[in-house]
Amino acid sequence: MILEATHINKYFKDPERHQVLHDVSLQLHDGELISVYGESGSGKSTLLYILSTLDTDFDGSLQTQGRDIKSLSSIELTNFRNEHIGFVYQFHYLLPEFNVLQNIMLPAMKLRDRTKEEIKADAMTLLEEIGMKDLAFRPSYKLSGGQQQRVAIARALINNPNLIVADEPTGNLDQKNTEMVFELLKDITENKGKTVVMATHNPKIYKNSHRAIEMIDGFVRL
Amino acid sequence: MSNTVFNRTNIFIALQYLLSRKKQSILATLGVMLGVTTFIVMINFMTGVNDFLDDAVFNGSPDITVGAKKDAQKHKKFETRISSLPDVTEIDQLLTEDENVQSFAHQVQSPAILISNTMQLPGGINGVFPEEEKHMVELERRLLDGKGFESLKDENSILLGVSLAKKLQVSVGDELKMILPNGKRTQLKVGGVFSFGITTIDNVRTYFSANTLQKLLGQEQTTTHIHIKLKDRNNIALKSKITSRHDDVVVEDWQDSNKTIVIGNKVRDILTWSVSFALLLVAGFGIYNILNITVIQKRKDIAVLKTMGYASGDIVFIFLVQSIIIGVLGAILGIALGYAISYGISVTPLDTSDFIIVDTYPINFTPVYYLMGFVFGVLTTILAGYFPSKKASKVDPVTIIRGA
Ligand SMILES: Nc1ncnc2c1ncn2[C@@H]1O[C@H](COP(=O)(O)OP(=O)(O)OP(=O)(O)O)[C@@H](O)[C@H]1O
Ligand SMILES: [Mg+2]
């Protein structure tokens, strides 16, 4: 098990105090592909931001590797995320000033656990795996949506994280690209032993995941 | 894990951002350059002129002048005798004892008409005692032609300011006639021509032997003025000390006698600093604006960088480095251009000026000003860049990414 959330309650104070997550408890295991689905506004994204340690303003506890996330300082959290968690968003958020290869390298250039040459080599390997090696030096904004999303997944993987959090990664993609991205994520869990947790509205995806969690008005349906 | 924000990755990202909006970056750099250039040129020029004037004035005229009080009642229309300074011995005594007095010299000044072959000019004659006067004025440095005070050993020798010599159309070795108020005519010879560089002196100043002048006037013991040089010219306590004991003398200090120049120097100083400050302020605002807009436009990118592991410190650094690069580049360019323009001014020949008499403008190339220009330029950009950078570092990734 790589992450355990227990009795998570989340409130927003704006416009008035209201609860968006109700007593959510969840365990994520190694090599698992978990989908979170449910109606719009049911709290999927909110849950993912908490699981990914970006949002620490909640009641309950989040444990990973025997450590309590809430006990970490903000800089420790930043470093923890950098090393252990990869992100994929509905909108890929590649940085347009950088080319494809540089975008993938950015998280590793911060971590610096390898030389720049090693990072470059790793990034090229990832590009090969997503079938985009020949586009390595193209500016990132000159890619199609599907291509950008695949690059974003490669970027999420560059630091070899244990957990990949993806918020509707296929939300903006057509059928073909959706399948391609889903296969890629599944492959990461099955062949690399990573854990992927993603929010999705696509039944094809959550039905084909290892585990599907439905959210209803902030509750996890048991 | 890289713990310091000063690393190649952050600098690389900063550069990438700078290069991705070349036009704005270049404009911002030019803005800083303009500010620094203006500062350098103005300060080089203004302090050059100021120093030049200070040197001319303080070397060419005494810090304190003691003269006889003009008695309006007794004043006749055609005065043939010149009025003597009373109490000379007592004042001498007082000056010898005063700690702040560097040196002093007696003068015999008389109105006179100078006549050359072609010209006739009313003016004044400064009779000096060379042994005293040489401690007051560094005439050697000012001499254009002929000899200095030592030529006054020849009792018919007169030294002329360059403008005066020009007006009289005489040069060293030429003959000159002098008519004193008592009607006495004397044949003189130009022994030297000097220039202090400012018209107020070079137009009227003459040096002549005081002993000879006393004899010609028939007033052998007369002294008309005492000139005093101070050790600290800002301490003019001596002035009131003299006036309190001798109420029949007039005491003028350097500020009285050189009011326009003193004020002119101040005006030039104020002008330099205010114009440079205003320009740097404008440049600073330019950078502030550009970075601020970038931070707003790039909020998503900043959020993504933060989720990737870039900490607030990294973000501050990434944005601050952009403005520092602009600042350093602009400052270096500004210094180079400032030097080039200053140099250009310093070698551009001048025709004539009503005020100062120079071949080219005096420019002060003191390196400290270049250092100052650099520091100001960079400081402005750091200040201008700091607030947008801080703002960038406060971007909350959850809010931004969720909001898309
Ligand atoms: N910053 C916020 N302030 C106040 N309320 C918020 C804020 N963010 C989200 N909410 C509310 O929290 C609830 C859950 O939102 P969340 O984004 O988690 O839903 P979701 O399941 O991801 O929806 P979708 O499928 O549309 O992405 C919603 O009712 C939403 O209005
Ligand atoms: Mg959502």
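This structure is a prediction, so every number in the text was calculated from the model and none was measured. Sequence lines set the chain letters: A, B, ... in the order given, protein chains first and strands last, and positions in each chain run from 1.
- For a residue to count as touching a neighbouring chain, one of its non-hydrogen atoms must lie under 4.5 Å from one of that chain's; by this rule Leu305(B) touches chain A with the side chain only.
- Remark: Phe277(B) CZ is loosely packed, at most 12 non-hydrogen atoms of other residues, nucleotides or ligands lying under 6.0 Å away.
- The two residues Leu95(A) and Tyr17(B) make their nearest non-hydrogen contact at CD1-OH, 4.4 Å.
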Report task. Please report the C-alpha distance between Lys110(A) and Thr9(B) in whole Å, then the side-chain angles of each, then the deciding distance to 0.1 Å, and finally whether the side chain to side chain contact (heavy atoms under 4.5 Å, CB included) criterion is met. Result -> CA-CA 7 Å; Lys110(A) 171 65 192 174; Thr9(B) 304; 5.6 Å; no
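- Both the backbone and the side chain of Thr46(A) come within less than 4.5 Å of a heavy atom in chain B.
- Contact between Asp301(B) and Pro96(A) at its shortest, heavy atoms only, is OD2-CD, 3.3 Å.
- At least one side-chain heavy atom of Leu106(A) sits under 4.5 Å from a side-chain heavy atom of Ile13(B).
- Residue Asp68(A) places its CG atom among more than 12 non-hydrogen atoms of other residues, nucleotides or ligands, all under 6.0 Å distant.
- When all heavy atoms of Pro397(B) and Leu54(A) are compared, the pair lying nearest together is CG-CD2, 4.0 Å.
- Heavy-atom contacts from other residues, nucleotides or ligands closer than 6.0 Å to OH of Tyr343(B) number 12 or fewer.
- With a 6.0 Å radius and a threshold of 12 heavy atoms from other residues, nucleotides or ligands, Asp217(A) has its CG atom at or below the threshold.
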Report task. Before giving the answer on side chain to side chain contact (heavy atoms under 4.5 Å, CB included), spell out for Phe87(A) and Met308(B) the whole-Å C-alpha distance, their side-chain angles and the decisive distance to 0.1 Å. Result -> CA-CA 8 Å; Phe87(A) 292 91; Met308(B) 275 185 207; over 6 Å; no
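- Residue-environment remark: CD (Glu76(A)) exceeds the threshold of 12 foreign heavy atoms within 6.0 Å.
- In this structure, the portion of Ile75(A) lying under 4.5 Å from any heavy atom of chain B is its side chain and not its backbone.
- Between atom CD of residue Gln102(A) and atom CZ of residue Phe12(B) there is a gap of 4.0 Å, rounded to the nearest 0.5 Å.
- Under 4.0 Å is where a charged nitrogen must lie from a carboxylate oxygen, and between Lys298(B) and Glu97(A) at least one such pair does.
- Counting non-hydrogen atoms of neighbouring residues, nucleotides and ligands closer than 6.0 angstrom, the CZ atom of Phe6(B) reaches no more than 12 such neighbours.
- More than 12 non-hydrogen atoms from other residues, nucleotides or ligands lie less than 6.0 angstrom from CZ of Phe52(B).
- Here Phe98(A) contributes atom CZ and Gln16(B) contributes atom CD; the two are 5.0 Å apart, rounded to the nearest 0.5 Å.
- In this structure, Tyr310(B) OH and Asn79(A) CG are separated by 12.0 Å, a value rounded to the nearest 0.5 Å.
- With a 6.0 Å radius and a threshold of 12 heavy atoms from other residues, nucleotides or ligands, Lys70(A) has its NZ atom above the threshold.
- Under the 3.5 Å distance criterion, with hydrogens and angles disregarded, a donor-acceptor pair is assigned to the side chains of Thr307(B) and Tyr89(A).
- Here the closest heavy-atom approach between residue Gly309(B) and residue Asn82(A) is recorded as CA-CB, 3.5 Å.
- Each of Thr56(A), Asp57(A), Asp55(A) was compared with Val398(B) under the side-chain contact (heavy atoms from CB on, under 4.5 Å) criterion, and only Asp55(A) meets it.
- Annotation for Arg81(A) and Lys306(B): closest pair NH2-O, 4.0 Å, computed over non-hydrogen atoms.
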